[in-house]
Amino acid sequence: MKKVSEQQQQLYFDDNSQALSLYGEQGKNLKVIEDFLKVIIHVKGNQITITGDPIGVDLASRTCSQLYELLKQGYPLHSNDIEFAIQILSSDPRAHLKDIFLDKLSVNSGKRLITPKSLAQKLYVEAIRTNDIVFGIGPAGTGKTYLAMAMAVSALIKEKVARIILARPAVEAGEKLGFLPGDLAEKVNPYLRPLYDALYDMLSFEKVSRLLERGVIEIAPLAFMRGRTLNDAFTILDEAQNTTSEQMKMFLTRLGYDSKAVITGDITQIDLPEKRGSGLLEARDILQGIEGIAFINFSKQDVVRHRLVRRIIQAYEDEEHRGKVEG
């Protein structure tokens with residue numbers, strides 16, 4: 001087997017402070033690039049030398065150059081951004097990180113800057129901006145609900161909408177809550193907790209509490225949407241794979257004037273009884289091509305949680321494939 005000849009590239013950075021931010025504490029950012037791309041990066045002051053196979057060296061060079069430009073434009077680089085950057089640039093050589101990472105969603109959380117972290121997330125954000133109904137379909141951890149929530153909070157802050165409505169089907173999509181202890185709020189609350197968690201990540205506890213008390217933000221099981229018309233609202237339906245056909249149609253026809261709706265779901269995690277079809281799958285089949293409705297598909301490459309989550313998703317996909325082959 002012929003060994004691929006090694007290649008070298010040198011990069012010089014004209015700002016010492018930003019160069020150190022790029023390297024990371026004790027060079028940890030460069031170490032991530034070395035591990036992912038199987039290259040060696042030697043640092044000498046403001047200059048780095050990248051050595052390895054041509055493909056790895058080229059990708060490492062583009063990653064370092066574009067991350068440095070982000071830093072110069074004031075982007076607060078986090079360690080997990082390195083992995084996201086490599087994934088983006090390896091999947092699309094023409095991609096520019098600034099077009100993705102500098103797309104701020106105008107949510108003043110005081111905790112973190114919320115921006116897209118993958119090409120699919122960027123498309124998703126753009127789709128929400130330009131369409132009144134958007135479906136985000138893909139595995140857990142890809143930011144479907146979180147980004148939709150950020151867009152909703154941003155729209156509320158900018159007074160583009162008067163309220164936010166967050167809905168979820170509860171308990172295997174049938175919303176059979178009678179067997180659970182407590183009053184209705186106590187029965188429903190555990191199934192809506194992920195929506196609260198996202199809100200508290202973007203706004204202070206006190207502000208969320210005030211908005212909930214005033215009804216500016218409403219979090220409710222999907223059944224509570226029946227019979228309503230939602231005007232001047234940003235509505236999010238989460239876990240939509242567990243809606244029935246009737247529930248999905250009911251939700252979509254609630255949309256009123258000056259409103260947006262985002263529907264998110266993972267079609268690999270449908271909990272409906274076998275005889276009942278998923279409303280999300282049906283909507284995906286029959287609503288394609290309608291102007292004003294967009295479908296954005298996410299994959300495991302868009303997972304923005306711990307790096308092991310991607311590997312877990314891949315392992316389950318591999319096992320499912322083996323089961324189909326053996327069956």
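Considering all non-hydrogen atoms of both residues, Thr115 and Gln121 come closest at O-OE1, 4.2 Å.
By the 4.5 Å heavy-atom criterion applied to side chains, Phe36 and Ile82 are not counted as neighbours. The shortest side-chain heavy-atom distance between Leu37 and Ile55 does not fall under the 4.5 Å cut-off. Contact check for Leu11 versus Ser65: side-chain heavy atoms found under the 4.5 Å cut-off. Counting heavy atoms from C-beta on, the side chains of Leu156 and Phe234 never come closer than 4.5 Å. Between Met250 and Glu246, the closest side-chain pair of non-hydrogen atoms is not below 4.5 Å. Annotation: side chain of Met248 is in contact with side chain of Ile263 (closest heavy-atom distance under 4.5 Å). Between Ile293 and Asn131 the shortest side-chain heavy-atom distance does not fall below 4.5 Å.
In summary, the aromatic rings of Phe298 and Tyr124 are positioned with their centroids under 6.0 Å apart.
Between the CG atom of Leu287 and the CZ atom of Arg284 there is a distance of 12.0 Å, given to the nearest 0.5 Å. The line from OG1 of Thr235 to CZ of Phe251 is 5.5 Å long, rounded to the nearest 0.5 Å. The CG atom of Leu280 lies 12.5 Å from the CD atom of Gln247; values are rounded to the nearest 0.5 Å. For the atom pair CD (Gln66) and CD1 (Ile100), the distance works out to 9.0 Å, reported to the nearest 0.5 Å. The CG atom of Leu22 sits 10.0 Å away from atom OG1 of Thr63, with the distance rounded to the nearest 0.5 Å. The distance from atom CD1 of Ile236 to atom CG of Leu166, rounded to the nearest 0.5 Å, is 5.0 Å.
Annotation: Ile286, atom CD1; neighbour count of heavy atoms from other residues, nucleotides and ligands within 6.0 Å is above 12.
Here the rule is salt bridge (charged side-chain N to carboxylate O under 4.0 Å, His left out) with Asp103, and of Arg129, Lys98, Lys117 only Arg129 fits it.
Counting only N and O atoms by type, the side chains of Asp302 and Ser118 include a donor and acceptor under 3.5 Å apart. Side-chain contact of Glu282 with Ser245: a donor-acceptor pair under 3.5 Å is present, judged by distance alone. Between the side chains of Tyr68 and Asp15, no donor N or O sits under 3.5 Å from an acceptor N or O. A side-chain donor from one of Asp238 and Thr145 sits under 3.5 Å from a side-chain acceptor of the other.
Checked for salt-bridge contact, Asp53 and Lys38 miss the test: no charged N lies under 4.0 Å from a carboxylate O. Ion pairing between a basic and an acidic side chain is recognised when a charged N comes within 4.0 Å of a carboxylate O; Arg210 and Glu206 show no such pairing.
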Please report, to 0.1 Å, the donor-acceptor pairs under 3.5 Å made by any side chain of residues 39-52, with sequence neighbours excluded.
| residue | atom | partner | partner atom | Å |
| --- | --- | --- | --- | --- |
| Asn46 | ND2 | Phe13 | O | 3.0 |
| Thr49 | OG1 | Gln10 | NE2 | 3.4 |
| Thr51 | OG1 | Gln8 | NE2 | 3.4 |

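Under the 4.5 Å side-chain heavy-atom criterion for ILVMFWY residues, no single connected hydrophobic cluster contains both Leu67 and Tyr12. Both Ile164 and Val216 are members of a single hydrophobic cluster when ILVMFWY side chains are connected at heavy-atom separations under 4.5 Å. Note: the hydrophobic cluster containing Ile157 also contains Ile114 (ILVMFWY, side chain heavy atoms under 4.5 Å, direct or indirect links). The hydrophobic clustering, which links ILVMFWY residues whose side-chain heavy atoms are closer than 4.5 Å, places Leu195 and Phe205 together. The hydrophobic cluster containing Tyr257 does not contain Leu230, counting ILVMFWY residues as joined when their side-chain heavy atoms lie under 4.5 angstrom apart, directly or transitively.
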Review point. Side chain to side chain contact (heavy atoms under 4.5 Å, CB included) between Ile217 and Ile165: does it pass, once the steps are laid out?
Key: CA-CA 6 Å; Ile217 297 178; Ile165 299 172; over 6 Å; no
Exercise for review: Walk me through it: do Asn80 and Glu83 pass the test side-chain hydrogen bond (donor to acceptor under 3.5 Å, both in side chains)?
Suggested key: CA-CA 6 Å; Asn80 56 5; Glu83 294 182 31; over 6 Å; no
